[in-house]
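Following: one structure in structure tokens, then a few remarks.
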Protein chains: 2
Amino acid sequence: MPMVTTTKDTGPVREHLKSLGLTKYEALVYIALLRAESASATKIHEISGVPRASVYPVLDKLIKKGLVSVSNTTPKQFDAVPPDEGLKHLLLQIERDAEAAKKELVAIYQSREDHEERKQEMIWTLAGRENIENRISDMLANAASSVIIFGARDLITPRILDLIAQVPGTVAVDIATDGTFAPGALPPNVRVRDIENLIQAGLLQGEQMAGVFIADRERLLLRLNGDDISPSALYSESPAFLQLFLNYWNHITTSLLT
Amino acid sequence: MPMVTTTKDTGPVREHLKSLGLTKYEALVYIALLRAESASATKIHEISGVPRASVYPVLDKLIKKGLVSVSNTTPKQFDAVPPDEGLKHLLLQIERDAEAAKKELVAIYQSREDHEERKQEMIWTLAGRENIENRISDMLANAASSVIIFGARDLITPRILDLIAQVPGTVAVDIATDGTFAPGALPPNVRVRDIENLIQAGLLQGEQMAGVFIADRERLLLRLNGDDISPSALYSESPAFLQLFLNYWNHITTSLLT
DNA sequence: TAAATGTTGTTACGATAAAGACGACAGGTA
DNA sequence: TACCTGTCGTCTTTATCGTAACAACATTTA
């Protein structure tokens, strides 16, 4: 009974499996086998919707990847390796590759000629919410003496809040924003200033969503377009550029004193 | 000076980066940027050998992946994110995907109808040295009461030896082989028998490289063609099939008593 | 038993999508 | 003027997707 089911609900899983190096067909066949518990090629074809002729080469690849095993009966029966076991080894292989790649790339990176002069004065653009938060993450994680953050409350997302909480106690963290934080969410080395009255006084206007992150007074990230679908940010280690915002910061703190 | 270097030594790195989802060009451009420290598109083209026109879209993708940042100067300058940082986030994303996929797939796997009868009697084929060792790994890691291993000494590779050493002390491990082990390499719950004299007596012949791994007397892996380029193995939970080798095992142990 | 029917494993070939490769061109810089 | 940058369009190549056909074998039916 050729009951060919269409490519149904298997929505996000396929995308996730693609990250692990599986093709569309490989994902479909593997999922079908997880459902079926030892099936023939034809049955796999019926469940997965993958053309019957394509099932065989796809199964070969899955076998080589250690996700599927074959019986020695005739006709052959195929069975999925349990997903926790199969994915574990798949991921392990990727992690090994990543480790090897990192090793070689770091070697290249460190042996390059350092012409930092130019680079120091450069202002760089970052794209994508994820990448921006990653950069902030690295700034906070590597901060040795001080961290300064100011801007709209929305900028300090739960993830960033979490990163702040993990900054060592020896690092002075200064935050100036217009909102509040849950009590006890921040360690004692973090000082929060409320700039709401400054905003109302017209001293801080413009890009509502812009925000500034400064680490050790030498690394700066300027976040823009926070409400856009693809936000962007500027990053710089330029002393001149930094000084601009450090002055800005001085302005804020002294204004708050009055 | 158009000094277009050919796709040179960057041998294995590219393969490793492919595991992380990078294409050939992406890998070449990223490596070039690691060498160059903030270069223009043309310079990247010269170093990497990637066609100049192709460099731009490739850089876009690398930027989206958080591996490259752009200056706001004109002409644009590009710079590589340090590899340890960049690869970390890349791998993190993959691990998140793997975790999500595992969750969904395990759900599917557990909700499938259990028709174990047929499967129990089945004998499965595994392909590839890596996959075979992975299966052995899982057998040893999940063994609850007993482990039996017999066959040529070559089968017990350093990795397997390591796995044996990690088996909990409550599990009785029996090994029969024709070679020796470094003193202290094995914990006290492992008992080793020497079958060399049995081999010389002609009681154990045939496939020199075949070996048997049995866990809890209910899971069996039969390794074949150990010297072949792509070795294979049989796996089974069939009681009948298992009994065959348990008898074999009895034969060995009793023969050694005389 | 013999013919009819169905299934399996394999091969071949076309369609589509992605990556790789090349040339051309408007605009800006030196 | 000469050069470089950024962009576009096109072409080739490769991998994946998808369809069709076929020999070998097994099963059913007459």
Side-chain angles (χ1 to χ4, degrees), chain A residues 1-7 10 14-15 17-33 36 38-65 68 70-79 122 125 127, chain B residues 1-7 10 14-15 17-33 36 38-65 68 70-79 122 125 127:
Chain A
M1 52 197 83
M3 190 264 309
V4 177
T5 49
T6 56
T7 307
T10 57
R14 289 224 316 267
E15 283 307 309
L17 288 176
K18 217 182 275 180
S19 293
L20 297 173
L22 298 206
T23 67
K24 186 174 156 192
Y25 277 6
E26 287 168 3
L28 286 172
V29 166
Y30 184 57
I31 292 172
L33 268 178
S38 90
S40 68
T42 303
K43 195 171 176 188
I44 293 170
H45 148 68
E46 288 167 2
I47 298 175
S48 65
V50 171
R52 197 179 62 87
S54 302
V55 160
Y56 293 94
V58 168
L59 280 169
D60 285 342
K61 283 204 276 181
L62 286 175
I63 289 166
K64 290 214 181 80
K65 293 184 183 184
V68 166
V70 214
S71 79
N72 60 345
T73 60
T74 156
K76 293 177 185 171
Q77 291 285 109
F78 301 90
D79 189 35
M122 213 68 86
T125 305
Chain B
M1 54 199 80
M3 189 266 306
V4 178
T5 48
T6 55
T7 307
T10 56
R14 289 224 314 269
E15 283 307 311
L17 287 176
K18 218 182 273 182
S19 293
L20 298 173
L22 298 205
T23 68
K24 186 176 157 191
Y25 276 7
E26 287 169 2
L28 287 172
V29 166
Y30 184 58
I31 292 171
L33 268 177
S38 90
S40 68
T42 302
K43 195 171 176 188
I44 292 171
H45 148 68
E46 288 167 1
I47 299 174
S48 65
V50 172
R52 198 179 61 86
S54 301
V55 160
Y56 294 93
V58 169
L59 280 169
D60 285 343
K61 283 203 277 183
L62 286 174
I63 289 166
K64 290 215 182 78
K65 293 185 182 182
V68 166
V70 213
S71 79
N72 59 345
T73 60
T74 156
K76 292 178 185 173
Q77 290 285 109
F78 301 90
D79 190 35
M122 213 69 85
T125 305

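Letters A, B, ... mirror the listed sequences (proteins, then strands); counts begin at 1.
- Distances from the side chain of Pro51(B) to the nucleotides dA19(C), dT16(D), dA21(C) place dA21(C) closest.
- Look at CG on Leu59(B): it is 13 Å from P on dG20(C), rounded to the nearest Å.
- Taking side-chain N and O atoms only, Lys43(A) has no distance below 4.0 Å to OP1 or OP2 of dT7(C).
- Straight-line distance from the CG atom of Leu62(A) to the P atom of dT16(D): 12 Å, rounded to whole Å.
- Rounded to whole Å, atom C1' of dT7(C) lies 15 Å from atom NZ of Lys76(A).
- Taking atom CD1 of Ile44(B) as the reference point, atom P of dC4(D) lies 16 Å away to the nearest angstrom.
- Side-chain atoms of Lys61(B) do not come within 3.5 Å of backbone N or O of Thr23(B) as any donor-acceptor pair.
- Side chain of Thr73(B) to main chain of Pro75(B): a donor-acceptor pair is present (N/O by atom type, distance under 3.5 Å, no hydrogens or angles).
- At the heavy-atom level, Pro75(B) lies under 4.0 Å from the strands shown only through sugar-phosphate atoms.
- Distance Lys18(B) NZ to dA19(C) P: 12 Å, rounded to the nearest Å.
- At a threshold of 4.5 Å between non-hydrogen side-chain atoms, the residues Leu59(A) and Val70(A) do not count as touching.
- Atoms CD (Gln77(B)) and P (dG6(D)) sit 9 Å apart, rounded to a whole Å.
- When each of Thr74(A) and Thr74(B) is assigned the nucleotide of DNA chain C with its nearest heavy atom, Thr74(A) is the one assigned upstream, toward the 5' end.
- Under 4.0 angstrom from either OP1 or OP2 of dT10(C) there lies no side-chain N or O belonging to Tyr56(A).
- Nearest-nucleotide assignment on DNA chain D puts the 5′-proximal partner with Arg52(B), out of Ser54(A) and Arg52(B).
- Checked for salt-bridge contact, Lys18(A) and Glu15(A) meet the test: a charged N lies under 4.0 Å from a carboxylate O.
- In this structure, the side chain of Gln77(A) does not engage the main chain of Ser71(A) through any donor-acceptor pair within 3.5 Å.
- In this structure, Lys24(A) atom NZ and dG18(D) atom C1' are separated by 10 Å, rounded to whole Å.
- Rounded to whole angstrom, the span from the CG atom of Leu28(A) across to the C1' atom of dG18(D) amounts to 13 Å.
- The phosphate of dA21(C) (OP1 or OP2) has a side-chain N or O of Tyr25(B) nearer than 4.0 angstrom.
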